[in-house]
Amino acid sequence: MFIADELRKTNIAEYLLYMWQIEDTIRAFGCSLSRIKREYVERFDYTEEQKEDEVDWFGNLIRMMNEEGCREQGHLQINKVTMQMLIELHTQLLASPKFPFYNSAYYKVLPFIVELRNKGANKEENEIETCFNSLYGVMMLRLQKKEITPNTLHAVKEISTLMGMLSDYYKKDKEEGLKFE
C-alpha cells in the first residue's frame with residue numbers, strides 16, 4: 001500500500017507494473033489473507049499499525065479480485081482503468097503536434113511493438129498494453145534469474161523510455177493540465 005501510494009503519485013507506469021506484481025503475489029499466496037500477513041507483510045520493517053494498514057489493503061484487493069473474477073488471471077478494474085487512462089493520454093499525445101519528442105520516441109518503439117504483437121497471443125491488444133506486458137514479462141524473467149537476449153534488452157530499453165515519457169506526461173497532466181492544441 002505504501003509503495004503503491006507513492007508510485008501512483010510519482011510514476012504511473014511503475015505503479016501499474018507494481019500493482020500487476022501485487023496481483024500475482026496475492027495469487028501466489030492462494031488469495032489467502034492470513035498467509036499474506038504471516039509470510040509476506042511480517043517481513044517488512046513496518047510498525048504494527050502500518051502492518052495492519054497493509055493487511056487491510058491486501059484484504060480489499062483480495063475481495064475485489066474475488067468479486068471481479070480475477071483470482072486466477074487478469075487484472076483488477078482499478079488497474080484496467082489506469083491502463084485506459086494511459087491509452088487515452090497516449091492517443092492524445094500522438095494526435096497533437098505539440099509533443100514531437102513523444103511522437104519520435106513512439107515511432108522508434110513501434111517496430112518492437114509490431115514484433116511483440118506478432119509473437120504474442122493477443123494481436124488485438126492496444127500498443128500501450130503490449131508495452132506494459134513486455135516490461136512486466138522481462139521483470140518476471142529477471143526475478144526468476146532467467147537469461148534475457150540482447151535484442152530483448154534493447155527493445156525493453158526503448159519501450160521503457162517511451163513509458164517513462166508517457167508517465168511524465170500523465171503526471172504533468174494531473175498536476176498542471178496538458179494543452180493538446
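All of these numbers come straight from a predicted model, not from anything done at the bench. For this chain, numbers begin at 1 and follow the sequence in order.
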Legend entry - Flag if over 12 foreign heavy atoms under 6.0 Å of CD, E175: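 Correct, the count exceeds 12.
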Legend entry - Residues that R38 engages under salt bridge (charged side-chain N to carboxylate O under 4.0 Å, His left out), provided they are two or more places apart: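 Salt bridge (charged side-chain N to carboxylate O under 4.0 Å, His left out) list for R38, sorted by chain: empty.
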Legend entry - Within-4.5 Å side-chain heavy-atom neighbours: M19 and L7: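 Result no, sub-4.5 Å side-chain heavy-atom pair not found.
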Legend entry - Student check: side-chain heavy atoms of L178 and L89 closer than 4.5 Å: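 In contact.
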Legend entry - By ring pair (Phe, Tyr, Trp, His ring centres under 6.0 Å) - contacts of F99 (at least two apart):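 Result, ring pair (Phe, Tyr, Trp, His ring centres under 6.0 Å) vs F99: Y169, F180.
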Legend entry - Under the ring pair (Phe, Tyr, Trp, His ring centres under 6.0 Å) test, residues paired with Y15 that sit two or more places apart: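 Ring pair (Phe, Tyr, Trp, His ring centres under 6.0 Å) check on Y15 returns nothing, list empty.
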Just how far is it from atom [atom1] of [X] to atom [atom2] of [Y], taken to the nearest 0.5 Å?
| X | Y | atom1 | atom2 | value |
| --- | --- | --- | --- | --- |
| M165 | D168 | CE | CG | 8.0 Å |
| T161 | F101 | OG1 | CZ | 14.0 Å |
| N103 | K98 | CG | NZ | 14.0 Å |
| Q92 | Y102 | CD | OH | 11.0 Å |
| E23 | L61 | CD | CG | 8.0 Å |
| E127 | F132 | CD | CZ | 13.5 Å |

For [X] versus [Y], what's the shortest heavy-atom pair and its separation?
| X | Y | result |
| --- | --- | --- |
| L16 | N79 | CD1-O, 3.6 Å |
| I128 | M83 | CG2-SD, 3.9 Å |
| S167 | A13 | OG-N, 3.5 Å |
| K171 | K9 | CE-O, 3.7 Å |
| L135 | V156 | CD2-CG1, 3.7 Å |
| R35 | A28 | NH1-O, 4.0 Å |

Between [X] and [Y] (side chain of the first, backbone of the second, donor and acceptor by atom type, cut-off under 3.5 Å), is there such a pair?
| X | Y | answer |
| --- | --- | --- |
| T130 | R117 | no |
| E14 | N11 | no |
| T25 | Q21 | yes |
| S104 | P100 | no |
| S96 | L93 | no |

Inset, instruction - Test side chain to side chain contact (heavy atoms under 4.5 Å, CB included) on T47 and E52 and set out the steps. - result: CA-CA 9 Å; T47 65; E52 285 176 27; over 6 Å; no
Anything under 3.5 Å between a donor and an acceptor, one on a side chain of residues 63-70, the other on a protein residue two or more places apart or in another chain? List them.
from: R63; atom 1: NH1; to: E67; atom 2: OE1; distance (Å): 3.3
from: R63; atom 1: NH1; to: E67; atom 2: OE2; distance (Å): 3.4
from: N66; atom 1: OD1; to: R71; atom 2: NH1; distance (Å): 2.8
from: N66; atom 1: ND2; to: I62; atom 2: O; distance (Å): 3.3
from: E68; atom 1: OE1; to: Q77; atom 2: N; distance (Å): 2.6

Inset, instruction - Walk me through it: do W57 and D53 pass the test side chain to side chain contact (heavy atoms under 4.5 Å, CB included)? - result: CA-CA 6 Å; W57 182 67; D53 290 345; over 6 Å; no
Legend entry - E42 and K37 ion-paired at < 4.0 Å: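 Here E42 does not pair with K37 in a salt bridge, since their nearest N and O are not under 4.0 Å apart.
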Inset, instruction - Check side chain to side chain contact (heavy atoms under 4.5 Å, CB included) between E115 and all other residues, then give those that pass, not counting sequence neighbours. - result: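 Checked E115 against side chain to side chain contact (heavy atoms under 4.5 Å, CB included); matches are K119.
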Inset, instruction - Measure up the F2 and Y46 rings against each other and bin them: parallel (under 30°), tilted (30 to 60°), perpendicular (over 60°). - result: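 Answer is perpendicular, since the angle exceeds 60°.
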Legend entry - Pairs meeting criterion side chain to side chain donor-acceptor pair (under 3.5 Å) with involvement of residues 135-157, two or more places apart: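 For residues 135-157, and leaving out neighbouring residues, the side chain to side chain donor-acceptor pair (under 3.5 Å) pairs sorted by first residue read D24-Y136, Q144-K146, T149-T152.
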Legend entry - side chain to side chain contact (heavy atoms under 4.5 Å, CB included) assessment of L33 paired with I26: CA-CA 8 Å; L33 187 57; I26 289 169; over 6 Å; no
Inset, instruction - Carefully, step by step, assess F58 and Y40 under the rule ring pair (Phe, Tyr, Trp, His ring centres under 6.0 Å). - result: CA-CA 11 Å; F58 272 102; Y40 187 73; 5.7 Å; yes
Inset, instruction - Show the numbers, then the answer: is there a side chain to side chain contact (heavy atoms under 4.5 Å, CB included) between L86 and H90? - result: CA-CA 6 Å; L86 290 172; H90 167 74; over 6 Å; no
